[in-house]
Amino acid sequence: MRKLRRLIRQASAAPLYQRKFDVLRDDASSSLKAFVRETPTTTLEELIAEKLVTGDPYSSRWATDHAPLVVFQLEYGTETSLYVGLGPDELKGYAEALRRCWSLVGLGSGDRVGIFDYGTSPVSYLASSAFTPYLRRGAADALGCLVTCNDGEANMSQRAVEIIKYVRPRILFLRSDCLHPFALEVEKDSLSLSDYIDALVTAENEAVLSTAERVAYEKRLAVPIYRMLRVDAAMFLAVECPRCRLLHSWQDLFLVEAPAGGSEEGGKRNPAPLVITNWFAKSCPAIRYVSQVKATLEPAGCPRGPKDLRIAT
Amino acid sequence: MKPELDRSYPDAMDTWPVAKLRRDQLHKLRRVLKHAHRGLSFYRERYDKAKIEADAVRNFEDFARLPTFTKRDVLDAIREKKSFRTGMESGAGTDMGVLCMTSGTLGTSFLYLPRRWAEIRGNSLARAYWWAGLRPGMRMLMAAPAWHSLAVQETRVIHRLGVTCVVPWGTFLPRHAGSFLAAITEVKPDFVSIFLPMLYALLAECRRRNLRPADAFQSVQNVLVVGAPMTPLSRAKLREDLGVKDLFEGLGNPEGLTAMECSHHRGHHIFIDCCYVEIIDPGSGAPLAAGKRGNVIVTSLIPHGSVYIRYDTEDLGEILPGLCPCGKTWPLLEVYDRRANAVEVARKEIFPYDVRLCLDKVPELIHIPFALLRGRRAAEVLKLKVQQPMGGGALEILENQLKAQIKETLGLEARIEWTEELPERWKGVAVIDEDNGGRARV
């Protein structure tokens, strides 16, 4: 529980959490159960309200005296912009989460990787130390992959197809909203996608492609499609496992809760919003952030990551 | 955070005697040439075919006899090999690096940029940002998205100079101007690096929000602009509107060119540590002396990643005669436009920059986006689309003023079409081909 105590202590330096922790009982950091029971959650609405009231770009979440090395504006269509500040710990831990996502979908040394997303999405900026200042090791550096990015504009689909044809990435990561225009361009070019790539991975912030859409596009494009979940406000990443088709994430990086309040129907638990605590975000902590994604937590035990957290959306 | 910089720019290299600069460049040219001839099939095949020995190149005159090539040649190689590997890149797949793309009207090509390339080019570019006023401890707005080679270089600049950065959501298309403006007003960078069309989009966004640009840019000391040329009048007006100390214009391409203004704004100092620039006659290929306009030929002096030797950028430019009053000895370059943006009107070759100078003379039209219209055949009348200035006003009066300026400056009749919005394009919409349904490629 030392990790928990340290996180609470560090987060207490941020005004937002200081207020929340003032009401914590002493035993809140004695166990994860107590932490979950005692610690108030943080919502997107709260971050917006805090930003509007204080004018602080980090919604009073910044917890150190040093300025962030890199500040990213987040992809939320909210009335005011939200930001995360990244220090060395955040950059390292966040990139490690992306590395594990890449690894889980089968990427390894010598592979080429394509990305069709904005350069300001963590899917892109954590990919290589070449893209982000002070990032010592991006996912591609860690795994020994060669990465190329295309901007995440739908009308850049033709260029994404050029990446497929001339770079032949093993996997193309793309924004969910680029999937349709990309599919049209592939069809226009009569490209047999499976001759070029192993799989597509769709990604979006606080949402995932529905299973019905995934199945339809897999049929249409004749390649497997895996889904990646971003929760940018909490610097969280999870990716769908090719083996068990559940989202995997990692306990040493995140504490994930899906506190289903509803009753079980037919043996199935009701999905509930994922609540995320980030273990590595020390300068800009994310503690019990309530995401917009409803899911259930499934028991660990997938052969591709026996200890991984598993999430069903 | 400690800056990696162990010395302050400017250093002695800024003012090296010209003879020393030339010696250094020739040494680097010969080194890169040897590297290319030995290890890069794209060049070996060309040079062998032309019976050229890399070792036989002893001076700049010998070098000027090497064949040039254009983007079309690179694209042909990509299509022929069905791969991004054209034989111009060393170490692709073995050295850690990234692949960046260049876009354009002809198509997309790829550049392999390994870590060593990023270090050398980024360290060189750090000097440019230093000239533009970026200092350790400052916060910089970084506008280039990950796929752009400028992002790879800026990443290194930021690390090298020990500055922090803010990255707005989205990309540098006008429809993301709201995010960019929010990032500037809320995170308050000291320094902004931005593409010129996006800067114009930010001004339009300020007008929409009834916000004074100078208030929005209150925290910003200097702005570094790339992507399109500023005219002297538009620079002065931008500086006044933004209330910043100065605006600097950078020129560059991922194939090799870096050139940057100093505070005298007399042209762009060529970064002789990383690139060698020639101007040639587009018809004969003969080298042109300073003061003569021709095609800009670039050679990268970095023997890592994708290597471009005598690459014809198909830009129209000139080396400016004389030395800059700043005391720096690095030669001055001016680039006016892409040759592909030339429009023939009444037997004259007109570039968007020429027309921008005319718009600048009508105060209401400074900063207003426009595009030249080009038909399949040469026209007798200059046709352009101009975005309506905000607040309406008497368009007829503005139209007459603009036509008069075009007549006086370019000696041409003009037909002006006012439009609410021009198509989106990263580097602005310079020319719209009417045969292409009026569409501009992004």
Side-chain angles (χ1 to χ4, degrees), chain A residues 51 55-58 66-76 80-83 85 87-88 110 112 114-121 123-125 127-135 138 140-141 144-153 155-156 158-159 162-163 165-169 232, chain B residues 1 78-79 81-85 92-94 96-101 103 107-110 112-115 118 137 139-140 142 144-148 151-159 163-173 176 178-180 182-183 186-189 424 426 441-442:
Chain A
K51 160 85 187 308
D56 175 32
Y58 318 109
H66 305 293
L69 294 174
V70 192
V71 179
F72 280 98
Q73 196 177 46
L74 300 178
E75 186 190 11
Y76 287 93
T80 186
S81 297
L82 299 175
Y83 302 83
R112 292 194 285 266
I115 298 173
F116 183 11
D117 200 342
Y118 291 110
T120 49
S121 157
V123 173
S124 306
Y125 72 72
S128 169
S129 57
F131 298 151
T132 303
Y134 305 108
L135 176 62
D141 309 308
C145 300
L146 180 63
V147 64
T148 188
C149 290
N150 186 30
D151 220 347
E153 290 282 323
N155 62 3
M156 297 301 291
Q158 190 195 344
R159 224 161 73 155
E162 286 174 338
I163 290 178
K165 287 201 292 195
Y166 302 125
V167 180
R168 292 175 172 255
D232 294 354
Chain B
M1 163 200 43
I78 289 173
R79 283 178 196 130
K81 293 175 190 295
K82 295 185 172 59
S83 170
F84 73 93
R85 286 195 171 109
T94 51
M96 288 313 300
V98 292
L99 270 184
C100 281
M101 288 180 288
S103 57
T108 302
S109 60
F110 300 87
Y112 172 62
L113 310 179
R115 190 169 288 175
R139 179 176 286 160
M140 165 177 146
M142 185 181 173
W147 62 267
H148 203 284
V152 176
Q153 297 171 62
E154 281 195 340
T155 289
R156 179 68 190 167
V157 168
I158 287 166
H159 191 245
V163 299
T164 61
C165 70
V166 53
V167 186
W169 172 258
T171 189
F172 51 104
L173 280 174
H176 293 279
S179 312
F180 278 61
E186 294 172 352
V187 188
K188 303 186 190 317
E424 286 193 330
W426 280 310
R441 186 187 155 98
V442 170

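By convention in this document, chain letters (A, B, ...) are assigned in the order of the sequence lines, proteins followed by strands, and residues within each chain are numbered from 1. Remember, it's a predicted structure, so these values are computed and weren't measured experimentally.
When every heavy atom of B/Val163 is checked against every heavy atom of A/Tyr134, the shortest pair comes out as O-OH, 2.5 Å. Closest approach of A/Thr148 to B/Leu99, counting heavy atoms only: OG1-O, 2.9 Å. Smallest separation of non-hydrogen atoms from B/Gly170 and A/Thr120: N-OG1, 3.0 Å.
Contact count against chain B (heavy-atom pairs under 4.5 Å) is highest for A/Ser121 among A/Ser121, A/Ser124, A/Pro88. Considering only heavy-atom pairs separated by less than 4.5 Å from chain B, the leading option among A/Ile163, A/Leu74, A/Ile115 is A/Ile163. Of the listed residues B/Arg79, B/Gln153, B/Met140, the one with more heavy-atom pairs under 4.5 angstrom with chain A than any other is B/Arg79. Considering only heavy-atom pairs separated by less than 4.5 Å from chain A, the leading option among B/Ala183, B/Ala151, B/Gly178 is B/Ala183.
If you measure heavy-atom distances from A/Phe72 to chain B, the contacts under 4.5 Å come from both the backbone and the side chain. With a threshold of 4.5 angstrom between heavy atoms, A/Thr80 approaches chain B through side-chain atoms but not through N, CA, C or O. Proximity to chain B is limited to the side chain of A/Tyr118, based on heavy atoms less than 4.5 angstrom apart. Looking at B/Ala118, there are no atoms closer than 4.5 Å to chain A (heavy atoms on both sides), in backbone or side chain. When heavy atoms are compared at a cutoff of 4.5 Å, A/Ser128 approaches chain B solely by way of its side chain, counted from C-beta outward. For chain B, the nearby parts of A/Ala130 are the backbone and the side chain; heavy atoms of each come within less than 4.5 Å. Using a 4.5 Å cut-off between heavy atoms, B/Met142 touches chain A through its side chain atoms alone.
Between atom CG of residue A/Leu69 and atom CZ of residue B/Arg139 there is a gap of 10.5 Å, rounded to the nearest 0.5 Å. From A/Glu162, atom CD reaches atom OG1 of B/Thr108 across 4.0 Å, with rounding to the nearest 0.5 Å. Here CG of A/Leu146 is found 8.0 Å from CE of B/Met96. Values are rounded to the nearest 0.5 Å. Rounding to the nearest 0.5 Å places NZ of A/Lys165 at 11.5 Å from CD1 of B/Ile78. The structure places CD of B/Glu186 at 11.0 Å from OH of A/Tyr58, a figure rounded to the nearest 0.5 Å. Going from atom CD of A/Glu153 over to atom CG of B/Leu173 covers 5.0 Å, rounded to the nearest 0.5 Å.
Contact annotation: the side chain of A/Pro57 never approaches that of B/Lys188 to less than 4.5 Å [non-hydrogen atoms, C-beta and beyond]. Using a 4.5 Å heavy-atom cutoff, the side chains of B/Met101 and A/Tyr166 are not in contact. Looking at A/Gln73 and B/Val187, their side chains never come closer than 4.5 Å, going by heavy atoms from C-beta outward.
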